A.B. asks: 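Take this structure first; my questions come after.
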Amino acid sequence: METHLEPLWRELMGAELRAERHRQHRTLAEVASAAGVSMQHLSDVERGRKDPSSELLAAILGALDVDLPLLLLRTADSALAAAPSTGRIAPVLELRSSPGGRSSSAEGDRRSFAGPGSEPRDGSGVTLLAAA
């Protein structure tokens, strides 16, 4: 019986942090300096070798000018794309850009959350996952 090992959360999140840094055309040294961490430590986080503390993650996100919910959504998107089609998770991910949202990404896609049956004031919303 073949087993498939899904990527670890820290690996997916690190890849998203690195992708955002590359989208901004910034070096490891620039972001590490702005976040107040060593280049080696930031590199380890980006490669998924180290789990960042909440404080370190906040510092990195601040240096990249990215909101935590956006990083979580991007990482969840990556996890769904990387996961085998097992039927364990029914993807019902709906993403809408919110008008006037701050994002440093090239797409300008700040996203907001809304629970089932609720609609945010600005009309944007996200439904994350539903267990099958």
Side-chain angles (χ1 to χ4, degrees):
M1 182 172 150
E2 184 178 326
T3 60
H4 174 77
L5 296 176
E6 294 180 17
L8 296 174
W9 179 256
R10 70 173 184 250
E11 294 168 343
L12 294 169
M13 182 181 54
E16 290 303 320
L17 290 170
R18 177 172 280 176
E20 178 61 32
R21 181 173 58 78
H22 287 170
R23 277 191 288 276
Q24 294 181 19
H25 306 289
R26 295 175 67 191
T27 66
L28 194 65
E30 291 170 338
V31 175
S33 176
V37 300
S38 71
M39 286 192 329
Q40 182 62 52
H41 199 89
L42 179 58
S43 177
D44 286 343
V45 169
E46 285 186 350
R47 289 181 292 156
R49 293 185 177 192
K50 298 228 181 204
D51 255 323
S53 66
S54 58
E55 292 85 2
L56 175 59
L57 184 56
I60 295 168
L61 291 173
L64 291 170
D65 195 29
V66 172
D67 294 328
L68 179 61
L70 179 58
L71 175 69
L72 295 175
L73 285 169
R74 287 179 177 171
T75 304
D77 287 346
S78 296
L80 283 174
S85 183
T86 62
R88 290 183 302 154
I89 297 177
V92 291
L93 187 60
E94 180 184 340
L95 305 174
R96 296 181 190 153
S97 296
S98 60
R102 175 182 66 93
S103 174
S104 59
S105 70
E107 304 87 38
D109 61 349
R110 179 179 176 139
R111 300 166 185 174
S112 60
F113 295 97
S118 68
E119 187 66 24
R121 285 175 283 217
D122 67 358
S124 66
V126 172
T127 303
L128 286 180
L129 301 173

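For clarity, every value in this text was computed on a predicted model and none was experimentally measured. Positions are given from 1, in the same order as the sequence printed here.
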A.B. asks: Which atoms form the tightest heavy-atom contact between L64 and R26, and what is the distance?
C.D. replies: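 Heavy atoms of L64 and R26 come nearest at CA-NH1, 3.8 Å.
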A.B. asks: With sequence neighbours left out, what residues match E11 under side-chain hydrogen bond (donor to acceptor under 3.5 Å, both in side chains)?
C.D. replies: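 With neighbours one apart ignored, the set is empty.
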A.B. asks: Distance from E16 atom CD to L72 atom CG, nearest 0.5 Å?
C.D. replies: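 So the CD of E16 and the CG of L72 are separated by 10.5 Å.
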A.B. asks: Do L56 and H41 make a side-chain contact, defined as non-hydrogen atoms from C-beta onward lying under 4.5 Å apart?
C.D. replies: yes
A.B. asks: For the side chain of S43 and the backbone of M39, is there at least one donor-acceptor N/O pair under 3.5 Å apart?
C.D. replies: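 Looks like no, no N/O pair under 3.5 Å.
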A.B. asks: Do you know the tightest heavy-atom contact between A63 and A35?
C.D. replies: CB-N, 3.8 Å
A.B. asks: For the residue pair R10 and G48, what are the closest heavy atoms and their distance?
C.D. replies: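 Shortest heavy-atom contact: NE-O, 2.6 Å.
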A.B. asks: When L12 is tested against each of D77, T75, L17 for side chain to side chain contact (heavy atoms under 4.5 Å, CB included), which residue passes?
C.D. replies: T75
A.B. asks: Under the side chain to side chain contact (heavy atoms under 4.5 Å, CB included) test against E20, which residue among D65, I60, V66, L70 passes?
C.D. replies: V66
A.B. asks: Quick one: which residue pairs count as a salt bridge (charged side-chain N to carboxylate O under 4.0 Å, His left out) with a foot in residues 35-46, not counting sequence neighbours?
C.D. replies: R18-E46, R21-E46, D44-R47
A.B. asks: Ignoring hydrogens and geometry, is there a side-chain-to-backbone donor-acceptor pair from S78 to R74 under 3.5 Å?
C.D. replies: yes
A.B. asks: Passes side chain to side chain contact (heavy atoms under 4.5 Å, CB included), L71 versus L57? Steps please.
C.D. replies: CA-CA 10 Å; L71 175 69; L57 184 56; 3.8 Å; yes
A.B. asks: Can you hop from L8 to L42 via hydrophobic side chains spaced under 4.5 Å?
C.D. replies: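 No, separate clusters.
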